[in-house]
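Source: prediction; values computed, not measured.
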Amino acid sequence: MASPNALTSQSEDFPRWYQDVVAKAEMADNGPVRGTMVIRPYGYALWERIQAEMDARIKLAGAQNAYFPLFIPQEYFAREAEHVEGFSPELAVVTYAGGEELSEPVVVRPTSETVIGEFMAKWIQSHRDLPLLLNQWANVVRWELRPRLFLRSSEFLWQEGHTAHVSYEDAAAYAMRIHLEVYNDLLANVMAVPAYVGIKPPRERFAGAINSLTCEGMMRDGKALQMTTSHELGQNFARAFNIVYQNEAGQSELCYTTSWGASTRLVGGLIMAHGDDRGLVVPPRMAPIQAVIVAVRDDAEVLETCASLDAALRAAGVATTIDRGRGSFGRRITDWEIKGVPLRVEVGPRDLANGVVTVVRRDDGSKHTASLDQLAPRALELLEAMQQSLFENARIRRDAATADVTTVDEAIEAAQTGFARIAWDRIGEDGETRLNDLAVSVRCIQRADGTTPTSPDEPDLVAIVAKAY
RNA sequence: CGGGAAGUAGCGCAGCUUGGUUAGCGCGCCUGGUUUGGGACCAGGAGGCCGCGGGUUCAAAUCCCGCCUUCCCGACCA
């Protein structure tokens, strides 16, 4: 009775499994130019859910959306030394346009600190103009040598926030607020990803930042994925772009700026954080389709019941779709499982004879019976239970795959299958180099209680060490 | 960008070593019928610049050169 596998199993070949899921769940295709990505409707719907949840949180944090140009004068990048050094290897530069060689080449934005800095300088005059809290939804280009759908593409979609503040403390507090209230909240409560939160070790910082905050998720193969980053830029960009304000005493002062971003990589993280051998598993709060109503047979009475159940679920706020009974039952539900739809409501003659339907949870395969008039409340319960359970199980997996160790060698050993937690001061520059030589890195540094420190120099910090995507 | 592997129908592959009819197979797709509670079956059918460009040859999917793309492993990154 066992059906042939639709997908390569995770244990057999995890990268292959990932590609199979992306293709068979109809999420994305490779574009014609190396490293580019075509996002298909189902993949884009997942991104739109992330956007909607993220945008609401960003606005709650007080930032406003704006839009800056795709093309940036190359000269802007030269103004901040570390920034230009960090980004030049992956820049796409337009040198020829309008039928002729350009006198000054323009860069296709890999990130927008520079243009936005230029305009912040123009818009900010007084301390009364601060803080200036901006965000933009945009595409960016970073020429990638080793692309992978969603995880690393030469063009990707993201949001990038850019803010300016009167003081270091204000800027640092805002970066922390975004890190926790926007990013980690979205990861935990919507995407059901229990991230390790913390700061990047100095060598992993964003080019031009004085401190980078990160949320690191654990994928089901035990590797880490940096899911979001928030940067304290100090006065580096304010100095390069002359972002100054007059304080209450009438003196000119440099602003402190921040930037923070999250990209379509999150869709890849979602796939790898929850997916199983049957395909994607989408947390209910993330799901473009939360319940699929499957007509076991293509027959009038069944279809009529499907339509009324669909109406009832929609009225209760559940996103639904109906699978009319064409094609074999097994094939149809396999396809819905690959797409990770949280609930499957099976409607067949046997159910109708008893006045019930069968509801199946995607995450654990458990089957439940609901009477026809109680489906909506039952579905809401099951969706909520699944949401909680996905987070809880991911947390258990993460904790089980995180080893407490005391030496760099043990950390390297643990990183072969999962994460290692080790005192930050036990690593040192040489230790970090040894890790890096073996494709292992310090993913983040946190306090002993798991909270995010303000600097890598705080005492008694611990490092989370792993291999990463 | 360095090392390895591979590009033949939408997907997965055979054919290439030893050049020679009309380039095959499975899945998927289309039509009709029977089906439908875990990837259904029968019959009929459509679909190919054999990755691209050049070369060798009477003749190239097959041999040679260049390029592009994909996958794996490294260095870089959201």
Side-chain angles (χ1 to χ4, degrees), chain A residues 1-8 13-16 18-20 23-24 26 29-36 85-91 110-111 138-160 183 200 203-207 212 214-217 224-231 259-269 278-279 294-299 302 323-338 344-354 356-358 360 365 367 436-441 467-469:
Chain A
M1 197 56 97
S3 55
N5 285 338
L7 306 167
T8 306
D13 185 342
F14 196 84
R16 183 72 185 269
Y18 178 83
Q19 289 169 233
D20 283 357
K24 296 200 174 175
E26 301 178 322
D29 269 332
N30 283 307
V33 173
R34 179 182 170 78
T36 60
E85 191 190 337
F87 276 104
S88 18
E90 35 187 1
L91 288 184
T111 180
N139 59 337
V140 285
V141 168
R142 298 180 185 179
W143 216 251
E144 283 296 343
L145 305 174
R146 194 178 162 191
R148 256 179 136 219
L149 288 173
F150 289 115
L151 299 174
R152 207 186 299 102
S153 48
S154 287
E155 179 192 3
F156 58 89
L157 307 181
W158 76 347
Q159 68 55 226
E160 50 177 323
Y183 293 151
K200 283 292 180 188
R203 70 170 71 178
E204 305 274 344
R205 271 179 201 145
F206 176 75
S212 290
T214 180
C215 293
E216 297 283 328
L225 180 72
Q226 177 176 314
M227 301 191 79
T228 69
T229 49
S230 317
H231 313 291
S259 68
W260 25 281
S263 72
T264 36
R265 169 179 280 187
L266 288 178
V267 176
R278 290 167 180 250
V294 179
V296 173
R297 284 163 199 268
D298 185 6
D299 107 6
V302 166
D323 179 348
R324 295 169 198 289
R326 302 203 183 99
S328 80
F329 179 78
R331 176 51 187 263
R332 289 183 289 136
I333 64 177
T334 303
D335 286 344
W336 291 115
E337 283 178 341
I338 290 173
R344 179 171 80 241
V345 179
E346 299 177 1
V347 184
R350 229 152 62 200
D351 300 296
L352 295 189
N354 297 319
V356 299
V357 289
T358 304
V360 184
K367 295 194 173 185
N436 293 170
D437 287 346
L438 293 167
V440 175
S441 54
K467 289 191 170 187
Y469 278 94

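Residue contacts for A/A262: at a heavy-atom cut-off of 4.0 Å it reaches no nucleic acid atom on any strand shown. Within the 4.0 angstrom heavy-atom criterion, base atoms lie near A/P349. Using a 4.0 Å heavy-atom criterion, one finds that A/G348 contacts the bases of the nucleic acid, with or without backbone contacts as well.
Atom CG of A/D299 is separated from atom P of B/rG37 by 14 Å (rounded to the nearest Å). The interatomic distance linking A/Q19 (CD) with B/rA6 (P) rounds to 17 Å, in whole Å. Taking atom CG of A/D29 as the reference point, atom C1' of B/rC11 lies 11 Å away to the nearest angstrom. The nearest whole Å value for the distance from the CG atom in A/D335 to the C1' atom in B/rC11 is 14 Å. The distance between atom CZ of A/R34 and atom C1' of B/rC67, rounded to the nearest whole Å, is 14 Å.
The gap from the C1' atom of B/rC68 to that of B/rU31 amounts to 39 Å, rounded to the nearest Å. Nucleotides B/rC1 and B/rG12 place their P atoms 26 Å apart, quoted to the nearest Å. Here the separation of B/rU35 from B/rC71, taken at their C1' atoms, is 40 Å to the nearest Å.
Remark: the A/R332 side chain and the B/rG37 base include no donor-acceptor N/O pair separated by less than 3.5 Å. No hydrogens or angles were tested; on distance alone, nothing pairs the side chain of A/S328 with the base of B/rA40 as donor and acceptor under 3.5 Å.
Picking from B/rU36, B/rG37, B/rA78 the nucleotide with the shortest atom distance to the side chain of A/T358 gives B/rG37.
By the 6.0 Å contact criterion, CZ on A/R203 is enclosed, its count of non-hydrogen atoms from other residues, nucleotides or ligands being greater than 12.
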